[in-house]
Amino acid sequence: MPAHYAAAVFRRAFFQDSDELSDAARRLRVRGALDGETLEKRIRRMKKLHVSLYASLDDIKATGLSVERFGDSYSVCFFWDESRCGMPVRRGSNKDYNNRESPLCGKDVLNERAFILSAEQYGRIVWNERLRDADTGGWFYRLHIYNLFHAPRTFAGSEFVSRKPDFLYEQLAHLN
């Protein structure tokens, strides 16, 4: 893990069992299909996967996120990837609708610029989705938080929590 980083991606999943919501760790414990040591190893691994850190905005790879250099700044776009995103489908402005070189050409999906980050600016994208568990058929819900900092200098990651973002973009759907 880098000592200094420019982006942090947080993911949380919640599962619905009847009328109760639970996180992935509790769900594994309740199922009881794993022995104690294997269960604890799996839970530790899952907790590590909740956060991904990137030393540079150029390196970031995250579902629904496109980050491109834009002069001395970064253009940050949110797009709905029907092959990787859950429900409900987000529709709206598609900036690449007529761009024949784009995989989103001609598609009725959301694809828009969330913000442009100049030096020292911090932006946050928050979105959610509903998915179906392949094993049980039950619903589970995922919350994604992408914190992006255009840092031409190194900085401590504490800046993500010590100040409010300059930009906030949300795609929070009613997940029923």
Side-chain angles (χ1 to χ4, degrees), residues 1-14 23-24 42-97 99-134 140-161 165-173 175:
M1 176 171 19
H4 301 280
Y5 48 90
V9 175
F10 300 90
R11 296 175 193 86
R12 290 303 307 258
F14 299 93
D23 68 6
R42 177 87 51 94
I43 290 172
R44 280 193 304 274
R45 183 175 167 269
M46 286 173 16
K47 287 181 179 178
K48 286 181 185 176
L49 295 175
H50 285 309
V51 180
S52 299
L53 303 174
Y54 299 88
S56 167
L57 290 178
D58 296 312
D59 300 335
I60 193 166
K61 303 278 189 259
T63 301
L65 185 67
S66 168
V67 180
E68 297 175 352
R69 284 215 176 256
F70 190 73
D72 291 337
S73 302
Y74 284 93
S75 173
V76 179
C77 297
F78 179 82
F79 66 94
W80 197 254
D81 182 346
E82 293 178 299
S83 65
R84 295 179 61 198
C85 296
M87 298 299 288
V89 173
R90 306 308 203 293
R91 304 211 186 282
S93 172
N94 177 354
K95 68 180 185 61
D96 292 323
Y97 188 84
N99 178 358
R100 292 191 176 152
E101 295 177 14
S102 171
L104 298 176
C105 179
K107 294 192 176 182
D108 181 22
V109 294
L110 182 65
N111 176 26
E112 63 188 4
R113 180 177 288 147
F115 44 78
I116 294 176
L117 288 178
S118 296
E120 305 295 323
Q121 287 187 319
Y122 162 29
R124 177 178 292 156
I125 294 178
V126 181
W127 67 282
N128 61 357
E129 62 184 328
R130 181 185 74 226
L131 302 129
R132 192 168 291 277
D133 185 295
F140 70 98
Y141 307 89
R142 196 174 282 153
L143 176 67
H144 303 264
I145 302 171
Y146 300 162
N147 289 305
L148 310 166
F149 192 86
H150 181 1
R153 59 169 176 85
T154 57
F155 76 103
S158 62
E159 291 189 47
F160 285 132
V161 294
D166 298 300
F167 302 100
L168 175 63
Y169 175 90
E170 292 182 329
Q171 272 294 327
L172 296 172
L175 304 177

Output the distance between atom [atom1] ([X]) and atom [atom2] ([Y]), rounded to the nearest 0.5 Å.
X: Ile145; Y: Ile125; atom1: CD1; atom2: CD1; result: 12.0 Å
X: Glu129; Y: Arg142; atom1: CD; atom2: CZ; result: 5.5 Å
X: Leu148; Y: Ile60; atom1: CG; atom2: CD1; result: 5.0 Å
X: Leu117; Y: Asp166; atom1: CG; atom2: CG; result: 8.0 Å
X: Glu82; Y: Met87; atom1: CD; atom2: CE; result: 9.5 Å
X: His150; Y: Leu57; atom1: NE2; atom2: CG; result: 7.5 Å

Which heavy atom of [X] sits nearest to which heavy atom of [Y], and what is that distance?
X: Cys77; Y: Lys95; answer: SG-CE, 3.2 Å
X: Trp80; Y: Pro88; answer: CZ2-O, 3.4 Å
X: Cys85; Y: Thr63; answer: SG-CG2, 3.6 Å
X: Ser73; Y: Ile116; answer: CB-CG2, 3.6 Å

Do the non-hydrogen side-chain atoms of [X] and [Y] ever get within less than 4.5 Å of each other?
X: Tyr141; Y: Asn128; answer: no
X: Leu143; Y: Leu172; answer: yes
X: Lys61; Y: Asp59; answer: no

Do we get Arg113 above Phe70's six-membered ring, with its NZ or CZ under 6.0 Å from the centre and within 45° of the axis?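 Cation-pi check for Arg113 and Phe70: passes.
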
Show the numbers, then the answer: is there a side-chain contact (heavy atoms from CB on, under 4.5 Å) between Asp58 and Tyr74? CA-CA 9 Å; Asp58 296 312; Tyr74 284 93; 3.1 Å; yes

Between Phe79 and Val109, does a side-chain contact (heavy atoms from CB on, under 4.5 Å) hold up when you go through it step by step? CA-CA 7 Å; Phe79 66 94; Val109 294; over 6 Å; no

Measure the acute angle between the ring planes of Phe115 and Phe167, then classify it against the limits of 30° and 60° as parallel, tilted or perpendicular. parallel

Parallel, tilted or perpendicular: rings of His144 and Trp127 (30°, 60°):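 Rings of Trp127 and His144: parallel, as their planes differ by under 30°.
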
Side-chain (Asp72) to main-chain (Ala119) donor-acceptor, under 3.5 angstrom: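 Checked: no pair found.
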
Donor-acceptor under 3.5 Å (Asp96 side chain, Asn111 main chain):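 Answer holds: no.
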
Could you give me the CA-CA distance, side-chain angles and deciding distance for Phe140 and Arg130, then say whether side-chain contact (heavy atoms from CB on, under 4.5 Å) is met? CA-CA 6 Å; Phe140 70 98; Arg130 181 185 74 226; over 6 Å; no

Give the intermediate values and the outcome of side-chain contact (heavy atoms from CB on, under 4.5 Å) for residues Glu112 and Gln171. CA-CA 11 Å; Glu112 63 188 4; Gln171 272 294 327; 4.1 Å; yes

